[in-house]
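The structure displayed is predicted, hence computed values, not measured ones.
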Amino acid sequence: MRWWAGGYAIAAVVALAACGTSGAGADAGGPSGGGGAGGGPSTSPSAGSSAGAPGATSAPPSSGVSSAGPAPASPSRPAVPSAGGCAAGRAEVSVVPGDAVRRQVCVRPGTVVSLVLRPRTDDRRWTGVASSAPALVLVSGWRVDPDGTAHASLRSAGTRGGGARVTASAKAPDVAGAARAAFTLDVTVTPYPREG
């Protein structure tokens, strides 16, 4: 009777080995309807969550918004606002060809805005930036890169509130006459709300 017991043991080992192989294959890339050898759900990357869930919809591929966090700011968008609706600390405003020639931005006192003016597509070049109220928004750090990109820092007053108009001028280098305003940024400095 011992050889019967040995035969059953060999058959059981072969059957378990076959079940483990087929379950691993299903987990690695097989159909997602069944589970693995342990009865758990399949972890196949091809299994879509919207296939079996009623009423589930998948996001369109052209949305460009990651669910892991907020979408990165586009270079042509204004500074990202804080919780109160105004940028605080440091912010950046980038202007690319085709953007509107006038834009608005709200900042908190003491905020430094980096203004980046991308190279123009016409024959005009950026020549400078001026503020209508330097006591409220001070322009500094003007420079033009070799590729034509211009940079300036706009520092808002530390405690005051109000508005200032920042204009960026441009002109063709081989044309006589003064440079004309090519972009305007309306800066509103809004103090933090007082508590109590």
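- Under a hydrophobic-cluster definition in which Ile, Leu, Val, Met, Phe, Trp and Tyr are linked whenever side-chain heavy atoms come within less than 4.5 Å, directly or via other members, Val144 and Val93 are assigned to the same cluster.
- Inter-residue side-chain proximity for Arg103 and Phe183 is flagged as met; some heavy-atom pair is nearer than 4.5 Å.
- Summarising the geometry of Thr111 relative to Ala88, their closest heavy-atom pair is OG1-CA, 3.4 Å, with the distance given to 0.1 Å.
- Using modelled atom types, one side-chain atom of Trp126 and one backbone atom of Arg118 make a donor-acceptor pair closer than 3.5 Å.
- Going from atom CG of Leu154 over to atom CG of Leu136 covers 11.5 Å, rounded to the nearest 0.5 Å.
- Considering only heavy atoms from C-beta on, His151 comes within 4.5 Å of Asp145 through its side chain.
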One pair to check against side-chain contact (heavy atoms from CB on, under 4.5 Å): Val116 and Thr149. What are the steps and the verdict? CA-CA 7 Å; Val116 181; Thr149 302; 3.8 Å; yes

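- In this structure, Leu185 and Val105 have side chains that are in contact, with non-hydrogen atoms separated by less than 4.5 Å.
- Side-chain contact between Val101 and Thr184: absent, with no pair of heavy atoms (C-beta onward) separated by less than 4.5 Å.
- For Arg160, there are no salt bridge (Lys or Arg N to Asp or Glu O under 4.0 Å) partners two or more places apart in sequence or in a different chain.
- Counting heavy atoms of neighbouring residues, nucleotides and ligands inside a 6.0 Å radius, atom CZ of Arg165 does not exceed 12 of them.
- Between atom OH of residue Tyr192 and atom CZ of residue Arg108 there is a gap of 6.0 Å, rounded to the nearest 0.5 Å.
- Around atom CZ of Arg155, no more than 12 heavy atoms belonging to other residues, nucleotides or ligands sit under 6.0 Å away.
- Minimum interatomic distance between Ala152 and Val139 (heavy atoms only, all atoms of both residues): CB-CG1, 4.4 Å.
- Taking OG of Ser94 as the start and CG of Leu115 as the end, the distance is 8.5 Å to the nearest 0.5 Å.
- Closest approach of Ala164 and Ala133 over heavy atoms only: CB-CB, 3.9 Å.
- When all heavy atoms are compared, the tightest approach of Ala182 to Ala170 is CB-CB, 4.0 Å.
- Formation of a donor-acceptor pair under 3.5 Å by the Arg125 side chain with backbone atoms of Asp122 is found in this model.
- Atom NZ of Lys171 is separated from atom OG of Ser169 by 10.0 Å, given to the nearest 0.5 angstrom.
- Between the SG atom of Cys106 and the CG atom of Asp186 there is a distance of 12.0 Å, given to the nearest 0.5 Å.
- A heavy-atom distance below 4.5 Å is not found between the side chains of Val107 and Thr188.
- In this view, Asp147 satisfies the salt bridge (Lys or Arg N to Asp or Glu O under 4.0 Å) rule with no residue, not counting sequence neighbours.
- The backbone N or O of Gly110 sits less than 3.5 Å from a side-chain atom of Ser156, completing a donor-acceptor pair.
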For Val113 and Val187, run side-chain contact (heavy atoms from CB on, under 4.5 Å): C-alpha distance rounded to whole Å, both residues' side-chain angles, the deciding distance at 0.1 Å, then the answer. CA-CA 10 Å; Val113 177; Val187 182; 5.9 Å; no

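- Using a 4.5 Å heavy-atom threshold, the side chains of Pro109 and Thr159 count as separate.
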